[in-house]
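See below for the structure under consideration.
Excluded from the calculations below are hydrogen atoms, water molecules and symmetry mates; all remaining heavy atoms, backbone and side chain alike, are included. Given the structure is predicted, the values throughout are model-derived calculations rather than measurements.
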Amino acid sequence: METIIDVLQAPVEKIDKPKKKSLFDYGEEFKRMESLLIECDGELTEEQEIEWQRIVDLAIEKIDNYIFFLSDLETKRDQYKNWADQYSKKHKTIDNKIKSLKNALAYYMEKTGQKEISGPESGKKVRLVYSEKAEMIEPNQIPVSYLRKFTTQKMSYEEMVKYLRVGGSLEIIETRVITDQDSLDEFIESLGCHIVKEKDFNLTDIKKNLKQGDVVPGAELVKNPSARIY
């Protein structure tokens with residue numbers, strides 16, 4: 001006699017559900033029917049016309065579902081974007097306030113010579129810490145070996161002369177500096193009306209070498225005070 005336990009433990013026969021068709025599938029259906037129309041010189045049997053209409057109706061229903069779903073998704077996307085923009089602005093405002101308050105704390109502690117202070121009511125402590133970074137004092141003096149990339153701008157002869165006359169950079173990639181009129185004319189001719197507009201230096205390598213005690217012309221290691229709450 002079969003018990004309820006036997007029934008529950010018996011393997012369940014898997015029933016394959018019919019796969020829902022996508023618009024890609026209906027596109028293939030239309031392609032197949034189009035080929036059939038060409039073969040039949042545009043004349044379809046009654047059964048073929050019924051099949052054609054069935055495909056059209058199902059495709060229209062699918063398209064309507066797509067439009068509804070897309071409209072809903074676009075509304076949600078715009079809503080989430082609006083929320084993201086709002087929270088991004090709030091995050092930036094709060095972050096700036098945190099930096100301002102920490103800078104004030106660090107300034108006070110540095111000026112009063114205190115490395116650590118406590119808040120009697122908050123139960124928190126504040127420690128004065130320093131972060132180091134490489135700062136470019138005279139970028140034109142930094143060796144080319146630290147140059148990661150640079151951008152140039154093409155100018156006409158007249159534009160270049162005007163640019164240089166008003167104090168534009170007189171340095172080229174070989175770090176040759178213009179000191180007199182003859183050198184200026186030679187510089188303009190050799191440069192081919194291209195000037196170096198922006199330079200991107202590898203500050204990580206500069207900082208590493210400065211911390212090792214190496215001298216990097218045009219750069220120095222700067223310590224910035226900050227307050228850390230714990």
side-chain contact (heavy atoms from CB on, under 4.5 Å), that's the test. Do V126 and R228 meet it? Break it down for me. CA-CA 5 Å; V126 181; R228 181 178 298 168; over 6 Å; no
With a 6.0 Å cut-off (strictly less than), is the heavy-atom count around CD of Q86, excluding the residue itself, greater than 12? yes
Determine, step by step, whether M136 and L203 satisfy the side-chain contact (heavy atoms from CB on, under 4.5 Å) criterion, reporting the C-alpha distance in whole Å, the side-chain angles of both residues, the deciding distance to 0.1 Å, and the verdict. CA-CA 9 Å; M136 296 184 294; L203 294 178; 4.0 Å; yes
Set out, in order, the CA-CA distance, both residues' side-chain angles and the distance that settles salt bridge (Lys or Arg N to Asp or Glu O under 4.0 Å) for E34 and K31, then state yes or no. CA-CA 5 Å; E34 186 181 43; K31 187 177 179 181; over 6 Å; no
Can you list the steps and then say if K133 with E135 is a side-chain contact (heavy atoms from CB on, under 4.5 Å)? CA-CA 6 Å; K133 72 171 186 177; E135 191 168 294; 3.8 Å; yes
Residue pair K125 / S118: nearest heavy atoms and the distance that separates them: CG-OG, 3.5 Å
Please check this pair: side chain of T75 against backbone of S71, looking for a donor-acceptor N/O pair closer than 3.5 Å. yes
Residue pair E61 / N65, side-chain donor-acceptor N/O under 3.5 Å: no
Between L101 and L105, is there shared hydrophobic-cluster membership here, with clusters defined by ILVMFWY side-chain heavy atoms closer than 4.5 Å? no
Say you draw a straight line from OH of Y87 to CG of N82; how long is it, rounded to the nearest 0.5 Å? 10.5 Å
Taking all atoms of both residues into account, what is the closest heavy-atom pair of E132 and K223, and its distance? OE2-CE, 3.1 Å
What's the shortest heavy-atom distance between L23 and A59, and which atoms? CD2-O, 4.2 Å
Is V222 reachable from I142 through a run of hydrophobic residues whose side-chain heavy atoms are each under 4.5 Å from the next? no
Cluster overlap I50 with W52, hydrophobic side-chain contacts below 4.5 Å: no
Locate the shortest heavy-atom distance separating L210 from E220; write the atom from each residue and the value. CD1-C, 3.6 Å
Gap between atom CD1 of I117 and atom CZ of R127 - 0.5 Å precision: 12.5 Å
Rounded to the nearest 0.5 Å, how far apart are CG of N202 and OH of Y146? 9.0 Å
Check L58 against Y26 and note the closest heavy-atom contact, atom names and distance. CB-OH, 3.3 Å
Given salt bridge (Lys or Arg N to Asp or Glu O under 4.0 Å), test K89 with D85 step by step and report yes or no. CA-CA 6 Å; K89 291 177 182 178; D85 291 341; over 6 Å; no
Check: Y130/E110 side-chain N/O donor and acceptor closer than 3.5 Å: yes
For residues Y108 and L128: do they belong to one hydrophobic cluster (side chain heavy atoms under 4.5 Å, members Ile, Leu, Val, Met, Phe, Trp, Tyr)? yes
Closest non-hydrogen atom pair, P143 against F201: O-CE2, 4.2 Å
State the NZ-NZ distance between K99 and K97, to the nearest 0.5 angstrom. 14.0 Å
Hydrophobic cluster membership, with links at side-chain heavy-atom distances under 4.5 Å among I/L/V/M/F/W/Y: are Y66 and F24 in one? no
Starting from the C-alpha separation in whole Å, work towards a yes-or-no answer on side-chain contact (heavy atoms from CB on, under 4.5 Å) for Y107 and N103. CA-CA 6 Å; Y107 179 82; N103 286 339; over 6 Å; no
Separation between CG (D72) and CD (E74), nearest 0.5 Å, reads 10.0 Å
Once you round to the nearest 0.5 Å, how far does CG of D25 lie from CZ of F30? 12.0 Å
